[in-house]
Structures are given as C-alpha cells and as structure tokens.
S.K.: 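Input: one structure, supplied below.
Computed from a prediction, not measured in an experiment: that's the story for all the values here.
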Amino acid sequence: MDEKYFAKKIEAKWQKKWAESGAFEVEISDEKPKFFQLEMLPYPSGNLHMGHVRNYAVGDAVAWYKRLKGFNVLHPIGWDSFGQPAEDAAVKRGVNPRDWTEDNIRAMRGQLERLGLSYDWQRQMYAHRKEYYKFDQWFFIKMFEMGLAYKKMTQVNWCENDKATLSNEQASGGICWRCGEPVTKKDLEQWFFRTTAYADQLIDDMEKIESGWPSHVIKRQRDWIGRSTGAYVDFSVKESGEVIRVFTTRIDTIYGANAVVVAAEHPVIEQNADRLSSEVITKVNEIKAEKLKPTDHEEEIEKDGIDTGLKAVNPFNGEELPVWVGNYVMMDYGTGAVMSVPAHDERDFEFATKFGMPIKRVVTSPGQEAIADEIVAAFTDYGLMVNSGEWSGKTSEEGKAEMADYAKANGFGEPATTFRLRDWGVSRQRYWGAPIPMIYCPDCGTVPVKYDELPVELPDNIAITGTGESPLAKVPEFYETTCPSCDGPARRETDTMDTFVDSSWYFFRYTDNDNEVLPFDPDTAAYWTPVDQYIGGDDHAVMHLIYTRFWNKVMRDIGLVKFDEPIKRLLTQGMVVGETFYDDATGKKIYHAPDTVAVERDEKGKITSVKAADGKELKFAIERMSKSKGNGVDPDEMVDVYGADAARLFVLFAAPVDNELVWHEAGIEGAVRFLQRVWRFVYKWKDVIGLGTNTDEVTSFSASAKKLRQKTHQTIRRIDQSLDTLQFNTPVAALMELANDLYDLKAEPETASPDEVVAVREALTSLILMMTPFTPHVAEEMFAVVIGNDNGILANDARFPVYDEASAKADEIEIAVQVNGKLRSRVFASPDADNSEIERMAKDDVKVREHTDGKEVVKVIVVPGRLVNIVVKG
RNA sequence: GCACGCGUGGCCAAACUGGCAAAGGCGCCGGUCUUAGAAACCGGAUAUUGAAGGUUCAAAUCCUUCCGCGUGUACCA
C-alpha cells in the first residue's frame with residue numbers, strides 16, 4: 001500500500017488481477033444459491049455515455065453486494081449490435097457496418113473495463129454475429145410454425161427522416177422514438193408476431209411480478225395492452241342486408257343509440273359505394289387523407305363526419321338508425337364501428353351536438369328522481385337503466401351482463417374483450433439486421449428456410465444507399481435461391497428483423513453462449529434464469545419489456561423455459577441530463593457547447609439568459625446527455641482525472657437511482673476526498689490492524705470504543721437494508737458518516753489501547769467491505785492490508801459484515817420529554833427501561849416540572865425509546 | 001384534458017409504517033499548519049420542509065384545496 005491514494009495505479013492493478021484470475025467468471029454450482037444480475041445491454045455506438053455509467057455502476061453494486069452475501073452471481077454483458085447507426089455510418093462515410101460495429105465494441109469494452117465493472121466477459125453475446133442471429137431466425141421459423149408469425153399488408157408507421165418503418169410502440173404519439181420527427185403512414189406488406197395471442201397472459205401474469213417491478217411500469221404496460229371487456233353487437237344494414245358489427249363496453253346504453261358511426265376505412269363504405277352520394281364519398285376521402293397526416297401531439301382534432309344515408313337496425317328495439325362516417329372512429333381498434341350514444345359518451349355527445357342529432361337518456365344516477373329535460377353533458381357513470389324497454393329498472397351492471405348474453409342467444413352479438421395492443425410488426429427495410437428466414441416459391445408459396453440451413457447469412461460488401469428500400473433486394477446473390485420444398489427457383493425475403501427481436505431473448509444466451517444447436521440449453525438456463533434483478537432505463541417500460549415478456553411466453557410454449565415471467569425484479573434508473581444551449585431560428589436545433597456560451601444566472605442558480613460567442617441570444621433546456629448536444633461528459637475523461645472508483649461513487653451518491661440526475665461536475669471531488677480520507681486512515685493504522693495483533697482477550701470497551709462499535713453496527717444494518725431495497729445514495733452517506741466517526745475517535749495507532757484497536761479494526765474492516773460494491777478497486781487494495789494477502793476479496797471468501805444487535809445497542813438512551821408537544825427536557829434511561837419508569841423519570845425532571853407544576857396532567861404518551869409527551873391543562 | 005410522481009438550507013439530497021433540536025455531500029465562513037497558498041485536520045453558519053386549511057397529544061410525513069415542476073398518455077368505443 002502506497003502512502004498516497006493513486007487511483008490509476010490501483011485500478012490498473014486490480015483490473016489486471018481480476019482478469020487474470022477470472023474472478024467474475026462463474027459456473028453452475030450447488031454450493032451457493034444463484035443470482036442473475038442483468039443490466040440492459042448497450043448499443044455499440046463507440047462511446048460510453050454517463051447514462052451507461054450510471055446503469056452499470058448500479059448493476060455492479062448489486063452484483064458485488066450479492067457476491068459478498070454468498071451468492072453465485074452471474075453478471076454478464078453483451079452487445080445490441082444490429083441497427084440503424086451502423087447503416088447510417090455506411091451511407092455517410094462509406095465504412096463497412098460490420099467493421100464499424102466490431103471497432104466500436106472493442107472501444108466500448110475498453111471503456112467498461114476501465115470502469116472496473118465485474119462482468120463475466122466469457123459470456124458476451126453479439127447480436128450482429130451469425131452465431132447469435134441464427135437463433136433469431138430459428139425463433140422466427142418456430143413462430144411461423146406455431147402461427148405466431150404471419151404476413152399482411154398494412155399501413156406502417158414510416159419515419160421519413162430515418163427512412164424506416166416503426167412499430168406502434170416506436171411510433172408512439174406520432175413521433176419517431178429515435179429521431180423525434182413526425183411519423184407518416186405507408187402501405188407495405190409486413191411480417192408480424194402475434195403478440196395479441198398472449199394479450200391476456202401479458203396482463204394477468206403481471207401479478208406474478210408486481211411486487212418486484214416499479215408500479216409505474218406495471219401501470220404503463222397495463223394501459224398499453226389496454227384490455228377492455230364489453231360486447232359485440234350486430235346492426236344489419238337495411239339497404240344491403242350486410243352486418244355492421246360494433247364493439248361497445250356499454251351495451252346497457254344501446255337503447256340510447258342515435259346512429260352507427262363507422263371509420264372511413266370501414267368495408268361497409270366500399271361495398272355500398274354505389275349507394276352513396278358524391279358528397280359522402282368526398283367526405284370519406286377527406287377524412288382518410290387527414291388520417292395519413294402526421295399526428296400533432298398538442299392539437300385536439302375536431303369531430304367531423306357525414307350521414308351516409310344508409311340505415312342500420314338496432315337489434316334490441318328494431319329502431320332504424322342512420323349510418324354515419326366519423327373521423328373519431330378508428331379502423332384498427334375494436335371493429336372499426338361504434339354505436340353512438342350521446343347521452344352517455346363524451347365523444348358521441350360532442351359529435352351529436354355538432355350535427356344536431358337526437359340525444360336520448362337511458363341511464364340515470366340512482367338518486368336522481370326526475371329526468372331533467374335538457375342534457376348538457378354526457379353521463380358516463382353506471383346507474384339505473386330507463387327508457388330501455390324490458391330492461392328498464394335494471395342496473396347498468398346487470399344490463400351489461402344480461403344484454404350481452406341475450407344478444408348471443410339471439411344471434412346478433414356476444415360478450416367480447418378487445419385490446420389496445422396490436423401485433424408486433426417486425427419487418428424492416430434495412431440491411432443491418434437479422435434476415436427474415438423465409439422463401440417465396442411461385443409454386444409452394446411462402447416456405448420457411450430449413451433449420452439445418454440456418455443461418456441465412458447477411459452478405460458482406462453490398463451497396464447501402466439509405467433510400468428506404470431493402471438493400472438486400474438489390475443483391476441477386478442473396479435473394480436468388482431454391483425452394484426448400486420443391487427445389488424450384490425461388491426468392492428470399494429481403495427484409496430484416498426489428499432489433500427488438502435481438503434484445504427480447506439475449507439474456508438467455510448468456511447462460512450458454514456457444515450453443516450451436518439451440519438458442520441455449522434448457523437445463524443450463526433453468527439454473528440461472530429467471531433474471532433476479534434487471535436494471536435499465538425507464539424508456540424501455542413498454543417496448544423492450546413487453547416484447548421480452550411475450551418472447552418468454554413463446555419460449556415456454558416451445559418448451560425452452562418453464563416459467564411465465566423472465567424478470568423477477570426490475571429497477572428503472574432515471575436519465576442523466578445536462579444543460580443544453582441551442583439556436584432554433586432555422587427550425588432545427590443547433591447546439592452550442594457549454595464552454596462556448598456566456599450564461600447568466602439569478603441568485604437561485606436558474607439560468608436567465610444565454611449568449612453565444614458571437615453575442616446571439618440562445619435558448620436553453622435540460623436534456624438527455626449526448627455528444628451531439630454538447631452537454632455530454634466523457635466517462636473516459638472523468639475516469640482519467642478522478643479514477644473509476646470516485647466516478648462510480650459519485651454517480652451513485654449524487655441522486656436516488658430512479659431520479660433524473662442533472663449533471664454538475666462539482667461534487668465529484670467530494671467523492672475523491674472521501675476515498676483519500678479512508679485511505680489515509682488505513683495507511684496510518686496498517687501496522688496495528690493486520691491479523692497479527694492479538695485482540696481476542698479484549699472483553700470490555702472504553703466509552704469511546706463502544707460508541708464506535710455502535711456506529712459500526714448501526715451502519716452495517718443501514719447499508720445492508722439500503723442495498724436490499726436498491727437504494728444507493730443513502731448507503732454512501734452512511735459510509736461517510738462511519739469514516740467521520742473513525743476520525744472522531746481521535747486515537748493514535750501508537751498509543752491506542754487494545755480495545756480501541758479492536759474497535760478500529762472492526763470499523764475499518766466493515767467499512768472496506770461495505771465500500772466494495774461502490775468502489776471495488778480501492779476496497780480490494782485496502783482489504784489486502786487488513787487480510788494480509790493480495791489475493792483479493794473473493795479469493796479470500798470475504799463476506800459482507802454481519803450486524804450484531806448487542807454491539808449496536810447503546811447502554812443508555814436519550815429520551816426527549818415534551819410538554820404539550822413542545823420539547824422541554826431530555827432524560828437518560830436504560831434501553832430496557834419500561835414505559836412507567838420512563839414516564840416517572842420524565843415527570844420528575846426539574847425542567848419539566850417548571851411547566852407542569854400546578855397544572856392538571858390530562859394525558860401522557862410514551863413512545864418507547866424515543867420520547868415522552870405530557871399533556872397538561874390550566 | 002386525464003393519470004402518475006415530485007416540491008426540504010445557495011445546490012444535490014436524508015428522514016415520509018406520524019414521535020427528539022430535520023442526516024450526508026457540494027458550496028460558503030473561520031481556526032490549526034505554512035513565508036504564502038493549496039492540501040489535510042478541526043470548528044462554524046445557513047431550513048417557519050411550495051402555500052393555505054384540516055386531523056392529532058404530536059405533521060416534512062396523513063387528508064382537502066391551490067400554486068409550481070416533471071413524466072406518461074390521448075378520440076380505445
């Protein structure tokens with residue numbers, strides 16, 4: 001141990017030792033319980049950013065903590081290495097996507113290693129290598145065989161900026177998830193995975209993971225899947241006899257229907273085109289055209305529509321209702337048609353009001369005596385049914401259940417459940433992804449590639465233009481093939497898979513990453529999975545985390561796994577953000593680096609104005625850190641200046657993990673200072689706290705030594721609990737407090753009594769071991785001093801310190817005494833003193849009696865070990 | 001609009017199953033040391049816990065209303 005703390009030196013030393021000894025490489029073992037610690041895998045952009053550092057520092061803390069708790073910890077990392085940026089780099093700079101990707105992985109692995117993250121590097125997976133994507137294809141074919149992969153013509157979400165199709169999740173809110181530009185629609189034939197086949201399970205199985213997942217993620221997924229139960233009801237069209245099926249959650253209001261409203265794309269329009277006036281056709285086309293436009297998030301779309309002139313019959317009362325086209329009815333939810341009940345639905349009310357349609361009340365609130373004549377707003381609650389023929393007098397709940405059954409019994413409807421969730425569109429017209437392993441044969445139709453022909457390899461050295469067409473469609477050597485079933489000439493599918501396919505099952509591959517026959521061996525995976533703790537960004541709450549749950553259920557049905565849910569506990573970490581300065585006069589944001597602008601702040605530190613170097617007024621915001629915005633902090637630079645341990649400690653200490661972290665460089669020096677403070681203490685005491693000192697016979701402790709021991713054990717309990725509940729900022733504060741108390745002892749190694757040495761050794765050893773999850777390198781170096789060898793914490797089989805209640809307990813506790821809620825004195829009592837004894841002490845206290853003498857004591861509250869409150873009157 | 005979350009010293013934050021005089025870090029001020037500074041060590045100041053009501057012996061913590069900020073979501077029938 002050097003006298004001074006040289007972060008770089010000890011970090012290099014221990015990183016080398018860990019690598020050489022394979023300290024974090026694990027195998028299946030019966031001796032210890034397993035723990036699978038997983039962090040979301042990075043996209044190899046070439047640069048680690050602070051968000052990664054935060055994510056991986058947290059994950060590493062959990063991994064180390066669990067190791068010290070005696071678990072066999074699997075802690076792997078891999079590469080989400082398919083996707084757009086590689087292709088963009090190819091278009092812009094003419095580099096080969098594979099080379100670009102491999103280079104980036106090498107660079108980023110180096111960065112991760114310099115952070116000293118405790119990964120089992122042997123288990124890496126690389127999405128872009130054929131050994132991995134072979135099994136994306138394997139799964140695709142399995143799903144095709146199971147009827148879970150199918151092809152259909154659809155309007156896809158299309159991002160003009162990225163020249164890419166997007167899934168519904170990726171186009172949420174009409175905005176491209178990657179670039180933020182508006183999304184448009186385009187007709188394309190696409191492959192889909194039938195996620196809706198598992199919609200019920202995706203909702204119902206949430207109760208199995210609810211306790212370990214953040215409630216907001218559960219809620220968002222539930223909303224996203226959007227199950228709603230109701231009924232289908234068939235209205236027949238008088239003119240043509242065909243049926244318009246509507247979905248409703250409020251069949252109890254059907255007597256109040258004033259129209260059937262269909263989406264502009266509804267087939268009934270096309271089929272009755274010759275019966276419709278030109279005015280209607282024009283309006284229908286208008287609405288269709290409007291829907292193709294990108295959706296503006298802010299704007300509320302005004303209701304629009306037209307009466308088609310067609311009539312539909314309400315099967316419950318035989319009433320003839322007009323059929324309208326409405327812009328607020330969507331073809332891709334429910335049946336694309338609704339019954340309009342303006343008295344009990346806000347949208348229908350708005351629509352009916354605008355077009356002067358009749359409004360009839362059929363549900364009243366239970367207490368309501370008379371029905372008011374004028375209806376000023378929709379009443380959407382449940383209530384008592386009125387004006388509903390034979391159903392009048394029933395409650396909405398009764399009506400809902402009985403009327404759906406009645407419809408079914410009479411052949412014009414049935415109870416039904418619909419979902420907001422759509423099937424997962426996985427086709428991408430891109431090059432850098434897993435080729436979809438399907439072949440189109442003029443004679444046999446759509447045929448999957450044979451399993452033993454996998455992988456369908458991505459050809460190298462092809463022209464990538466970025467025009468939005470599948471690059472593989474221009475490569476005859478790729479798409480020209482023979483049919484697997486008839487051997488005739490055939491054509492391969494030239495689209496590739498969405499990269500969310502790769503990330504849906506990657507963590508299973510870690511358990512068995514060189515398997516050539518199966519994605520992974522089921523028995524091996526059965527030992528390690530499900531994932532015990534998953535940590536990653538909040539932004540994946542509905543995409544990745546629904547896909548991977550879906551995938552798990554498919555794997556279960558294939559027989560690869562036996563459980564329903566792949567992830568037991570989830571922690572979502574907040575973004576790392578920083579101040580940005582930009583000029584958007586041209587419509588596009590042009591960012592200025594922080595060191596090139598002049599910032600004025602008010603006395604609270606809030607920015608009041610920002611000027612560019614040329615004096616131009618700039619706008620400012622707090623946004624996700626990134627290089628392009630100029631607000632990025634380069635982890636490499638930070639590690640270089642302060643060391644990996646300090647960087648990691650600071651990131652964990654700065655804010656609770658699930659909070660957004662606004663990056664301010666100031667503060668990291670406090671982390672360094674703390675490490676140096678502990679280091680100096682260990683250095684000073686290194687000769688007396690080694691194992692050689694005989695301390696066993698120490699049985700009694702001085703007051704100050706006892707106090708230190710209490711603090712030590714209180715700290716052990718605090719940190720243990722914090723780490724168990726995934727809090728990382730508070731245990732760092734606890735470590736600092738313990739270090740402060742060590743200094744407060746004011747003992748010197750040369751003159752310390754044996755009991756002090758014992759107390760110091762206990763405190764220091766505990767402190768060092770508890771620092772390991774946060775700052776592993778410096779902990780290793782200091783632990784070597786305590787244990788007397790250089791083999792490392794794991795090789796020495798060290799464990800997290802154990803809390804001892806007796807040592808944590810004080811001889812005497814201080815009890816606050818209040819009179820009428822105001823603190824008046826304090827008394828000292830044994831921790832074992834009973835309430836009546838404490839009450840008596842409190843009442844006898846001189847300072848208390850000043851406030852109680854001559855007054856009537858109304859009540860005395862004793863909170864054991866904490867306080868006494870005496871309530872007096874007069 | 002709706003849903004959820006948050007508001008604690010200059011800044012980041014702890015305590016929130018109600019219970020002492022509200023942790024810790026950054027910053028600030030002072031002392032020791034030093035020719036001086038830095039570092040280190042020691043010490044110090046700074047909070048009517050967003051506002052107003054309410055419940056209680058007792059409220060940062062529970063309830064109501066309001067203000068401010070953030071996130072998600074948007075015609076889902």
S.K.: Hey, which sits more toward the 5' end of RNA chain B by its nearest nucleotide, A:D304 or A:E814?
M.R.: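 Its nearest nucleotide being more 5', the pick is A:E814.
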S.K.: Just the rounded figure in Å: distance from C1' of B:G24 to CG of A:D744.
M.R.: 14 Å
S.K.: Main chain of A:T730, side chain of A:S722: is a donor-acceptor contact present, judged purely on distance under 3.5 Å?
M.R.: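 The answer is no, because no donor-acceptor pair under 3.5 Å joins these two groups.
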S.K.: In terms of side-chain heavy atoms of A:M736, which of B:G24, B:C75, B:U73 is nearest?
M.R.: B:G24
S.K.: Taking CE from A:M331 and P from B:C75, how many angstroms apart are they, rounded to a whole number?
M.R.: 16 Å
S.K.: Between B:A22 and B:A14, how far apart are the two C1' atoms, rounded to whole Å?
M.R.: 9 Å
S.K.: Pair A:N258, A:K360 - check side chain to side chain contact (heavy atoms under 4.5 Å, CB included), show working.
M.R.: CA-CA 8 Å; A:N258 66 348; A:K360 181 177 153 195; over 6 Å; no
S.K.: Taking atom P in both B:C29 and B:C67, compute the distance separating them and give it to the nearest angstrom.
M.R.: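 It comes out at 41 Å once rounded to the nearest Å.
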S.K.: Between A:H851 and A:V872, does the side chain to side chain contact (heavy atoms under 4.5 Å, CB included) criterion hold? Intermediate values first, please.
M.R.: CA-CA 9 Å; A:H851 296 92; A:V872 295; over 6 Å; no
S.K.: Could you give the distance separating B:C6 and B:C16 at their C1' atoms, to the nearest angstrom?
M.R.: 13 Å
S.K.: Going 5' to 3' through nucleotides 12-17 of chain B, assign each nucleotide B (protein heavy atom under 4.0 Å from a base atom), S (under 4.0 Å only from sugar-phosphate atoms) or - (no protein heavy atom that close).
M.R.: SSSS--
S.K.: Are any protein N/O atoms closer than 3.5 Å to N/O atoms in nucleotides 1-9 of chain B? If there are, list each pair with its distance.
M.R.:
| residue | atom | partner | partner atom | Å |
| --- | --- | --- | --- | --- |
| B:A3 | O2' | A:K219 | NZ | 3.1 |

S.K.: Between A:D2 and A:K4, does a salt bridge (charged side-chain N to carboxylate O under 4.0 Å, His left out) hold up when you go through it step by step?
M.R.: CA-CA 5 Å; A:D2 293 322; A:K4 286 206 171 127; over 6 Å; no
S.K.: Please pick, from B:A77, B:C57, B:C20, the nucleotide with the shortest atom-to-atom distance to any side-chain atom of A:L823.
M.R.: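 Selected nucleotide (nearest to the side chain): B:C20.
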S.K.: Nucleotides 26-32 of chain B: which of its N/O atoms have a protein N/O under 3.5 Å away?
M.R.:
| residue | atom | partner | partner atom | Å |
| --- | --- | --- | --- | --- |
| B:C26 | OP1 | A:R673 | NH1 | 2.9 |
| B:G27 | OP2 | A:R673 | NH1 | 3.4 |

S.K.: For B:A47 versus B:G1, give the span between their C1' atoms, rounded off to a whole number of Å.
M.R.: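 Per the computed distance, 37 Å lies between those C1' atoms.
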S.K.: With sugar-phosphate meaning primed atoms plus P, OP1 and OP2, does A:V732 contact a base, only sugar-phosphate, or nothing at under 4.0 Å between heavy atoms?
M.R.: nothing
S.K.: Could you check whether any side-chain heavy atom of A:M575 comes within less than 4.5 Å of a side-chain heavy atom of A:D539, counting everything from C-beta outward?
M.R.: no
S.K.: Counting only Watson-Crick pairs (N1-N3 plus N6-O4 or O6-N4) and G-U wobbles (N1-O2, O6-N3), all under 3.5 Å, who is the partner of B:A58?
M.R.: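 Matched B:A58 with nothing under the 3.5 Å cut-off.
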S.K.: Taking the six-membered ring of A:F351, is NZ or CZ of A:K354 closer than 6.0 Å to its centre and within 45° of its axis?
M.R.: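 No, A:K354 and A:F351 do not form such a contact.
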S.K.: For the pair made of NZ in A:K684 and P in B:C41, what is the distance, rounded to whole Å?
M.R.: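 Answer to the nearest Å: 10 Å.
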S.K.: Using the C1' atom on both, measure B:C11 against B:G7 and round to a whole Å.
M.R.: 15 Å
S.K.: Using the side-chain heavy atoms of A:N869, tell me which of these nucleotides is nearest: B:C76, B:G19, B:C20.
M.R.: B:G19
S.K.: Would A:I254 and A:V341 satisfy side chain to side chain contact (heavy atoms under 4.5 Å, CB included), going step by step from the backbone distance to the final call?
M.R.: CA-CA 7 Å; A:I254 196 165; A:V341 186; over 6 Å; no
S.K.: Could you tell me the Watson-Crick or G-U partner of B:A40, where both distances fall under 3.5 Å? Say none if there is no partner.
M.R.: B:U32
S.K.: Tell me whether the side-chain N or O atoms of A:R866 pair up with the base of B:C20 as donor and acceptor below 3.5 Å, since no angle test is needed here.
M.R.: no
S.K.: Roughly how many Å apart are B:C20 and B:A60, using the C1' atom of each and rounding to a whole number?
M.R.: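 So the two C1' atoms sit 15 Å from each other.
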S.K.: Closest approach to the side chain of A:E737, judged atom by atom: which nucleotide of B:G24, B:C75, B:C20 is it?
M.R.: B:G24
S.K.: Does a donor on one side chain and an acceptor on the other come within less than 3.5 Å for A:Y255 and A:N314?
M.R.: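 No.
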S.K.: For residues A:M770 and A:I716, determine if any side-chain heavy atom of one lies less than 4.5 Å from a side-chain heavy atom of the other.
M.R.: yes
S.K.: Which part of the nucleic acid does A:V338 contact within heavy-atom distance under 4.0 Å: base, sugar-phosphate only, or nothing?
M.R.: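 The answer is base, as A:V338 lies within the cut-off (heavy atoms under 4.0 Å) of a base atom.
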S.K.: Step by step, work out the side chain to side chain contact (heavy atoms under 4.5 Å, CB included) result for A:M339 and A:V233.
M.R.: CA-CA 9 Å; A:M339 61 180 203; A:V233 182; 5.5 Å; no
S.K.: Would you call the rings of A:W679 and A:Y5 parallel, tilted or perpendicular if under 30° counts as parallel and over 60° as perpendicular?
M.R.: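 Tilted: the ring planes of A:W679 and A:Y5 meet at 30° to 60°.
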S.K.: Taking side-chain hydrogen bond (donor to acceptor under 3.5 Å, both in side chains) as the criterion, tell me which of A:E397, A:H344, A:K400, A:R250 meets it with A:Y382.
M.R.: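 In the set A:E397, A:H344, A:K400, A:R250, the residue that makes a side-chain hydrogen bond (donor to acceptor under 3.5 Å, both in side chains) with A:Y382 is A:K400.
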S.K.: In whole angstrom, give me the gap between the P atoms of B:U56 and B:U61.
M.R.: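 Each nucleotide's P atom is 16 Å from the other's.
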S.K.: Can you figure out which of B:C42, B:A58, B:C75 approaches the side chain of A:R677 most closely?
M.R.: B:C42
S.K.: Strictly by Watson-Crick or wobble contacts shorter than 3.5 Å, is anything paired with B:A45, and which nucleotide is it?
M.R.: none
S.K.: For B:C26, which nucleotide is its Watson-Crick or G-U wobble mate, given both distances must be under 3.5 Å?
M.R.: B:G10
S.K.: Whole angstroms only, please: what is the CD1-P distance between A:I815 and B:A21?
M.R.: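 Atom CD1 in A:I815 sits about 15 Å away from atom P in B:A21.
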S.K.: Send over the distance from A:E839 CD to B:G19 P, rounded to a whole Å.
M.R.: 21 Å
S.K.: For nucleotides B:A59 and B:G19, find the distance between their P atoms and express it as a whole number of Å.
M.R.: 11 Å
S.K.: Taking the side chain of A:Y743 as its heavy atoms from C-beta onward, which of B:C42, B:G19, B:A74 lies nearest to it?
M.R.: B:C42
S.K.: Pick the closest RNA chain B nucleotide for A:K822 and for A:D345 by heavy atoms, then say which residue is nearer the 5' end.
M.R.: A:K822
S.K.: Over all strands shown, is A:M330 touching base, sugar-phosphate only, or nothing at heavy-atom distances under 4.0 angstrom?
M.R.: base
S.K.: Could you tell me how the ring of A:F774 sits relative to the ring of A:F728: parallel (under 30°), tilted (30 to 60°) or perpendicular (over 60°)?
M.R.: perpendicular
S.K.: A:I870 CD1 to B:C57 P: how many Å, rounded?
M.R.: 16 Å
S.K.: For B:C2, give its Watson-Crick or G-U wobble partner with both distances under 3.5 Å, or none.
M.R.: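 Because both required distances fall under 3.5 Å, B:C2 counts as paired with B:G72.
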S.K.: Can you tell me how the ring of A:H544 sits relative to the ring of A:H540, calling it parallel under 30°, perpendicular over 60° and tilted otherwise?
M.R.: perpendicular
S.K.: If the cut-off is 4.0 Å, is A:R227 near the phosphate of B:C76, judged by side-chain N/O to OP1 or OP2?
M.R.: no
S.K.: When you get a sec, tell me which of B:C76, B:A77, B:G24 is the closest nucleotide to the side chain of A:R347?
M.R.: B:C76
S.K.: Out of B:C75, B:C42, B:A23, which has the shortest distance to the side chain of A:A733?
M.R.: B:A23
S.K.: Rounding to a whole Å, what distance do you find between A:I244:CD1 and B:A77:C1'?
M.R.: 15 Å
S.K.: Is there side-chain contact between A:E286 and A:D304, with at least one heavy-atom pair below 4.5 Å?
M.R.: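 They are in side-chain contact.
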S.K.: How many whole angstroms separate atom CD of A:Q721 from atom P of B:A23?
M.R.: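 Going from A:Q721 (CD) to B:A23 (P), I get 20 Å.
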